[in-house]
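One structure below.
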Amino acid sequence: MFDAEKFIQESMEGIREQVGEGSAIIALSGGVDSATAAILMHQAIGRHLVAVFVDHGFMRKGEPEEIERIFGDELGMNIVSLDVKERFYSALKGVTDPEEKRKVIGELFIRVFEEEAEKMKAEYLVQGTIAPDWIESMGGIKSHHNVAGLPSGMQLKLVEPLRDIYKDEVRKVARELGLPKEISERMPFPGPGLAVRILGEATPEKVSIVREANAIVEEEIQRAGLEPWQALAVLLGEKTVGVKGDIRDYGYTVAVRAVESVDAMTAVAMEMPWSTLKTIQKRVTREIPGVTRVLYDITDKPPATIEFE
Ligand code: XMP
């Protein structure tokens, strides 16, 4: 049985030993992993940690504001916000391959970070990598950007306090550290964000469509009192035929996915109530111009992964 209190104590000692009086920076993504790593580091080394929030433009709706409120105002962390959306959008122009997207985002992320670290004279980069991230990366399934995207010439030394634990254990640690429920119980969200929820090129127009769709999915799941491991919306690449009034209308297709899982290594498609699915379908097609079709993914993992890319 995992003992969160013991884990926290041992990691604090490990962190203090590794980092000492050095200065560290961490990327906050809003996800439970980076939040837990950040608060653990904050408690271990206090003012020696700076939390950098990189708004790469692929965050969920309202997420940037929420991150500043929770970590800055409520938890009192030293936080720096960077709006670098345009840099990411232009780096991803014409990039359609999922692994290439992860690589481009991962590398730019680190570059933005290194620039910030240099300004702050930080020596350590803290990451919320958890066990399945590097296990799946090693197996060649997906290169989670916080594992495989690091350029070999990176100057910063890595600190990964959650490297050996799994998501359910991370949540236990988060609760034990007193992180608010919005964070500790938050659904997992990939580092490259909405960019890997758009099949093909992640243009700003498509990002805003999938962001709205994803928000509707999360809202309706919550309204229905459902607690999947993860629920998400994906924007499929090609337009299909639809109808508006009496005329043919080509529109985008949004796929909805909700899964039950313990550690994301395997997952089962959730038996979502039909009424919730219908509400999602109606809202997505009415509220988001350009979307004419909504699908629900009934595939387990394996054979499918949780994300589409
Ligand atoms: P898959 O799609 O591989 O997802 O079944 C398993 C879990 O990992 C998340 N995921 C990622 N997380 N960077 C991340 O930080 C990534 O590139 C990435 N790809 C997938 C996914 O959301 C799920 O929780």
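Whatever order the structure lists ligands and atoms in, that order sets their numbers, starting from 1. Because the structure is predicted, anything quoted here is derived from the model rather than measured.
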Next item on the list: Please work out which of Lys301, Met187, Lys167 has its closest non-hydrogen atom nearest to atom 5 (O) of ligand 1.
Entry: Lys301

Check: Can you find an N or O of Asp133 that's nearer than 3.5 Å to an N or O of ligand 1?
Finding: no

Next item on the list: Measure the acute angle between the ring planes of Phe109 and Phe113, then classify it against the limits of 30° and 60° as parallel, tilted or perpendicular.
Entry: parallel

Next item on the list: Please check if any side-chain donor atom of Lys6 sits under 3.5 Å from a side-chain acceptor atom of Gln9, or the reverse.
Entry: no

Next item on the list: Just jot down the side-chain contact (heavy atoms from CB on, under 4.5 Å) partners of Arg293, sequence neighbours excluded, or say none.
Entry: Thr240, Thr253, Leu295

Item checked: Gly191 neighbourhood, listing ligand 1 atoms whose heavy-atom distance to it stays under 4.0 Å -> 12 (N), 13 (N), 14 (C), 15 (O)

Checklist line | Mutual orientation of the aromatic rings belonging to Phe2 and Phe7 [parallel < 30°, tilted 30-60°, perpendicular > 60°] | finding: tilted

Check: Of the choices Glu307, Glu309, Met265, which has the non-hydrogen atom that lies closest to atom 21 (C) of ligand 1?
Finding: Glu307

Next item on the list: Any atoms of ligand 1 less than 4.0 Å from a non-hydrogen atom of Pro188? List them with their elements.
Entry: 24 (O)

Next item on the list: Determine, for Glu185 against Arg171, whether the closest basic-nitrogen to carboxylate-oxygen distance falls under 4.0 angstrom.
Entry: no

Next item on the list: Would you please name every residue forming a side-chain hydrogen bond (donor to acceptor under 3.5 Å, both in side chains) with Ser81, sequence neighbours left out?
Entry: Glu68

Next item on the list: Select the closest option to atom 16 (C) of ligand 1 among Gly31, Ala267, Pro192, judged by heavy-atom distance.
Entry: Pro192

Next item on the list: For ligand 1, find out whether one of its N or O atoms is nearer than 3.5 Å to an N or O atom of Arg102.
Entry: yes

